[in-house]
J.: 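Sharing a structure, written as structure tokens. Questions coming.
Throughout, protein chains are lettered first and strands after them, A, B, ... in sequence-line order, and every chain is numbered starting at 1.
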2 protein chains.
Amino acid sequence: MPPKAKPAATPLPSVWAREQRTPDQPALSRAAIVREAVAMLDADGIEALSMRKLGARLNAGATSLYRHVATKDELMELAVDEVAAEIRVPELQDGAAWRAAVTEAAAGFRATALRHPWLSSVLGQAGLAYLGPNLMTYSERLAALFTAAGFPEPSRAIDTVLSYVIGMSTTEAAWLTTVARSGETEATFIARLMPAAQQAAAGHEHLAGSYTDAAAITDPVALRDEKFRYGLAVVLDGLALRLPK
Amino acid sequence: MPPKAKPAATPLPSVWAREQRTPDQPALSRAAIVREAVAMLDADGIEALSMRKLGARLNAGATSLYRHVATKDELMELAVDEVAAEIRVPELQDGAAWRAAVTEAAAGFRATALRHPWLSSVLGQAGLAYLGPNLMTYSERLAALFTAAGFPEPSRAIDTVLSYVIGMSTTEAAWLTTVARSGETEATFIARLMPAAQQAAAGHEHLAGSYTDAAAITDPVALRDEKFRYGLAVVLDGLALRLPK
DNA sequence: CCGGCATGCGTACAGTGTTCGCATCGAAGG
DNA sequence: CCTTCGATGCGAACACTGTACGCATGCCGG
């Protein structure tokens with residue numbers, strides 16, 4: 001409390017805090033915001049992301065984010081394109097190897113969808129209308145793959161396999177989210193859900209067997225993998241019939 | 001203002017309003033709430049539904065709804081099951097006609113998904129884990145259909161075609177929602193989006209053609225129908241290979 | 001007649017996305 | 001060197017949201 005300084009012009013504690021903070025972080029940038037948003041979404045799910053919490057994690061106020069991002073929806077759009085960069089699509093050297101290549105591209109999509117389960121929620125609300133660069137190159141590579149494979153209507157083939165992959169991945173991700181929200185492990189969650197499911201299935205003869213599968217409890221991950229591969233094989237078989245010659 | 005009545009026990013305006021209101025509506029009931037919620041969702045989209053607005057439309061306060069519904073999530077669950085009642089699955093008389101029957105069941109799902117675009121948002125967040133009675137009978141009938149068709153693994157076949165249908169319908173519904181939110185007709189929305197899309201596709205040789213399809217503007221509905229039928233045919237062809245004999 | 005119980009609702013709380021205007025800062029220009 | 005200026009951060013505020021609590025009121029069985 002030195003009485004001689006000019007108190008109004010430069011209040012000491014403020015200056016103190018400022019000089020430490022500014023060189024600390026690389027300030028606020030669009031890229032950093034999106035990166036941290038993805039991290040929060042992955043960690044705590046979609047409903048845990050709020051502008052205030054995100055700002056707090058970046059040592060910033062909530063409203064500061066709006067200097068770099070127009071709206072929260074735009075931020076989600078950027079987040080989607082951010083994770084879209086993870087999906088790898090192999091280039092096709094041998095035309096006969098298209099099945100393996102498409103399988104890899106599909107599995108890659110599913111893998112990122114399961115790594116970032118919030119993606120399904122966003123896709124359900126906004127679809128694939130996004131035009132982010134990473135999504136564009138993903139589409140481009142898919143198109144290149146299917147044309148190289150020799151499909152007469154590549155876009156039709158792409159839509160078909162993408163629809164299957166999105167549908168399956170979305171369903172899986174939603175289930176995993178539900179399980180995660182319960183705080184329990186998947187096996188115990190299933191066990192706790194079992195009685196309700198069996199009661200709901202009462203009177204439906206064809207459904208009775210669906211909820212007594214022990215594999216769902218012993219190794220649900222492997223069961224999901226197998227289910228995905230089965231359906232994908234079906235789709236690819238159907239597509240193969242449309243290859244000329 | 002008659003001074004002789006007992007004013008505290010029966011204040012006039014209150015009695016007036018009450019006697020009119022009580023026989024007016026069948027009061028508040030779970031069924032009425034769900035019905036009105038679906039109506040609001042259909043009319044104004046998912047983000048327009050709030051407990052307060054829903055209460056207002058039922059001549060009720062917002063918190064009154066909680067006497068009949070535990071939480072908003074539960075209300076959405078009920079709404080999903082409500083619209084699930086619309087989907088019809090034909091019974092299979094002749095085993096050879098399974099293709100037409102499955103096609104009808106798939107088209108029915110898609111039709112309700114497009115009639116209630118908010119469904120896609122909910123599915124993206126919660127999946128098919130719901131156990132409502134209507135969803136159960138839908139599953140049951142699907143199972144009956146695929147078993148009657150002679151599939152060795154009916155549940156695998158169901159998961160495959162359902163994944164495709166969900167993926168395609170979700171994508172379509174999300175697109176329609178985006179268009180609707182713009183307030184424009186689909187054709188003008190596409191026209192307005194075109195330059196951005198073409199700029200985003202710049203440098204991607206295989207994508208250049210995707211955004212110059214005139215059919216998307218002249219008759220987008222027919223184009224979507226055809227796209228859906230194409231993919232479904234692919235999936236059914238793949239499944240047919242797995243039928244014994 | 002009366003006591004209990006289901007139903008409706010007003011108030012309140014914690015939290016949300018977003019707007020606005022002010023403070024501060026680094027750089028550019030006289 | 002001083003000053004202006006544009007960019008950036010931020011505190012306060014607004015209109016909402018879902019929901020918990022407690023009070024009032026009506027109907028129904030004893």
J.: Under a 4.5 Å cut-off applied to non-hydrogen side-chain atoms, are Leu207(A) and Met136(B) in contact?
T.: yes
J.: Where the side chain of Lys72(A) is defined as all heavy atoms beyond and including C-beta, which of dG17(C), dG22(D), dG18(D) is the nearest nucleotide?
T.: dG17(C)
J.: Checking Lys53(B) against Glu36(B) for the salt bridge (Lys or Arg N to Asp or Glu O under 4.0 Å) test, could you report, in this order, the C-alpha distance in whole Å, the side-chain angles of both residues, the deciding distance, and whether it holds?
T.: CA-CA 11 Å; Lys53(B) 289 180 198 157; Glu36(B) 202 64 31; over 6 Å; no
J.: Are any of the side-chain nitrogens in Glu74(B) or Arg30(B) under 4.0 Å away from the carboxylate oxygens of its partner?
T.: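 So Glu74(B) pairs with Arg30(B) through a salt bridge.
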J.: Between Thr63(A) and dT18(C), is there a side-chain N or O to OP1/OP2 distance below 4.0 Å?
T.: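 For dT18(C), neither OP1 nor OP2 has a side-chain N or O of Thr63(A) closer than 4.0 Å.
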J.: Below 3.5 Å is the cut-off: list the nitrogen or oxygen pairs between protein and nucleotides 4-6 of chain C, distance only.
T.:
none

J.: So does Arg224(A) pair up with Glu186(A), basic N to acidic O under 4.0 Å?
T.: yes
J.: Measuring to OP1 and OP2 of dC9(C), would you say a side-chain N or O of Ser64(B) lies under 4.0 angstrom away?
T.: yes
J.: Give me the residues of residues 34-52 of chain B where at least one heavy atom lies under 4.0 Å from an atom of DNA chain C, by number, or none.
T.: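 Of all residues in residues 34-52 of chain B, the ones placing a heavy atom under 4.0 Å from DNA chain C are Arg52(B).
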J.: When you measure from the side chain of Lys53(A), which nucleotide among dC9(C), dT18(C), dT16(C) comes out closest?
T.: dT16(C)
J.: Are any non-hydrogen side-chain atoms of Thr177(B) and Trp118(B) less than 4.5 angstrom apart?
T.: no
J.: Check whether any side-chain N or O of His68(A) sits under 4.0 Å from OP1 or OP2 of dA7(D), and answer yes or no.
T.: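 Indeed not, no polar side-chain atom of His68(A) lies that close.
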J.: Kindly say if Thr71(A) contacts the phosphate of dT18(C), meaning a side-chain N or O under 4.0 Å from OP1 or OP2.
T.: yes
J.: Give, for atom CD1 of Ile190(B) and atom CD of Glu184(B), the distance between the pair rounded to the nearest 0.5 Å.
T.: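 Between Ile190(B) CD1 and Glu184(B) CD, I get 11.0 Å after rounding to 0.5 Å.
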J.: With sequence neighbours left out, which residue pairs that include part of residues 105-115 of chain B fulfil the side-chain hydrogen bond (donor to acceptor under 3.5 Å, both in side chains) condition?
T.: Glu86(B)-Arg115(B), Arg110(B)-Glu172(B), Arg110(B)-Asp225(B)
